[in-house]
**Q** 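I'd like to ask you about the structure that follows.
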Amino acid sequence: EATTNALKVGDEVTYVAGRGTGHSVSFSVCEAKIVKIDSGVAVVKSRNDRCCMQPLSKLTRKGERNALTRALLGEA
């Protein structure tokens, strides 16, 4: 879970994306920019110009510790 929710349109954010293939699961951190916010869900545009919807609770400002970093290294 992300720790900050004071996000607005135009903010650069990161989110964790998980993918499952066969017998493995991989997680990666994606960078994007918020283009629209509607009732707790943000439409984010990634660097390859693709848009997707992400809950605001899953987004973290770019430069802050994201959920994957906190899971691996802790809050310290």
Side-chain angles (χ1 to χ4, degrees):
E1 293 283 322
T3 56
T4 56
N5 288 332
L7 299 169
K8 61 186 183 303
V9 173
D11 285 349
E12 292 193 6
V13 295
T14 61
Y15 61 94
V16 178
R19 292 175 184 82
T21 57
H23 296 79
S24 66
V25 177
S26 65
F27 295 97
S28 59
V29 176
C30 301
E31 296 181 1
K33 183 181 279 191
I34 297 176
V35 293
K36 181 181 176 184
I37 296 177
D38 186 26
S39 66
V41 177
V43 176
V44 294
K45 187 175 186 178
S46 59
R47 291 186 289 176
N48 63 0
D49 287 335
R50 290 193 176 181
C51 290
C52 68
M53 297 175 75
Q54 293 291 327
L56 287 174
S57 63
K58 302 294 181 187
L59 300 175
T60 306
R61 280 189 206 285
K62 187 175 177 180
E64 293 180 3
R65 285 183 166 223
N66 59 50
L68 184 59
T69 303
R70 287 194 316 274
L72 295 173
L73 302 177
E75 293 290 334

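For clarity, every value in this text was computed on a predicted model and none was experimentally measured.
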**Q** Of all heavy-atom pairs between V16 and A67, which one has the smallest distance, and what is that distance?
**A**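 The answer is CG2-CB, 4.1 Å.
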**Q** Roughly how far, to the nearest 0.5 Å, is the SG atom of C30 from the CD atom of Q54?
**A**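 Rounded to the nearest 0.5 Å, the CD-SG separation comes to 8.0 Å.
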**Q** Does any pair with a residue in residues 32-42 pass side-chain hydrogen bond (donor to acceptor under 3.5 Å, both in side chains), and if so which ones, sequence neighbours excluded?
**A**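 Listed once each, the pairs would be none.
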**Q** Check whether T60 reaches the backbone of E64 with its side chain - one donor and one acceptor, N or O, closer than 3.5 Å.
**A**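 A pair under 3.5 Å: no.
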**Q** Check the hydrophobic clustering (I, L, V, M, F, W, Y; side-chain heavy atoms under 4.5 Å; chains of links allowed) and say if M53 and V9 are grouped together.
**A**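 Different clusters: M53 never reaches V9 through Ile, Leu, Val, Met, Phe, Trp or Tyr contacts under 4.5 Å.
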**Q** List the residues meeting side-chain contact (heavy atoms from CB on, under 4.5 Å) with D49, not counting sequence neighbours, and say none if there are none.
**A**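 Only K45 meet the side-chain contact (heavy atoms from CB on, under 4.5 Å) criterion with D49.
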**Q** Using side-chain heavy atoms (C-beta onward) and a distance below 4.5 Å, is I37 in contact with L56?
**A**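 Sidechains of L56 and I37: in contact.
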**Q** Do V44 and L7 share a hydrophobic cluster (ILVMFWY, side-chain heavy atoms under 4.5 Å, transitive)?
**A**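 Linked, V44 and L7 end up in one cluster.
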**Q** What salt bridge (Lys or Arg N to Asp or Glu O under 4.0 Å) pairs are there with at least one residue in residues 19-30, not counting sequence neighbours?
**A**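 Output for this query is empty, none listed.
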**Q** Go through the steps for I34 and V43 under the test side chain to side chain contact (heavy atoms under 4.5 Å, CB included), then give the verdict.
**A** CA-CA 6 Å; I34 297 176; V43 176; over 6 Å; no
**Q** Look only at the side chain of R61 and the backbone of T14, and say whether a donor-acceptor pair between them is shorter than 3.5 Å.
**A**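 Not a single qualifying donor-acceptor pair exists.
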**Q** State the NZ-OH distance between K58 and Y15, to the nearest 0.5 angstrom.
**A**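 Rounded to the nearest 0.5 Å, the NZ-OH separation comes out at 13.5 Å.
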**Q** Rounded to the nearest 0.5 Å, how far does CG of L72 lie from CZ of R65?
**A**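 Here the rounded value is 10.0 Å.
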**Q** Inspect the contact between K62 and E31 and indicate whether a charged nitrogen and a carboxylate oxygen are less than 4.0 angstrom apart.
**A**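 Yes, charged N to carboxylate O under 4.0 Å.
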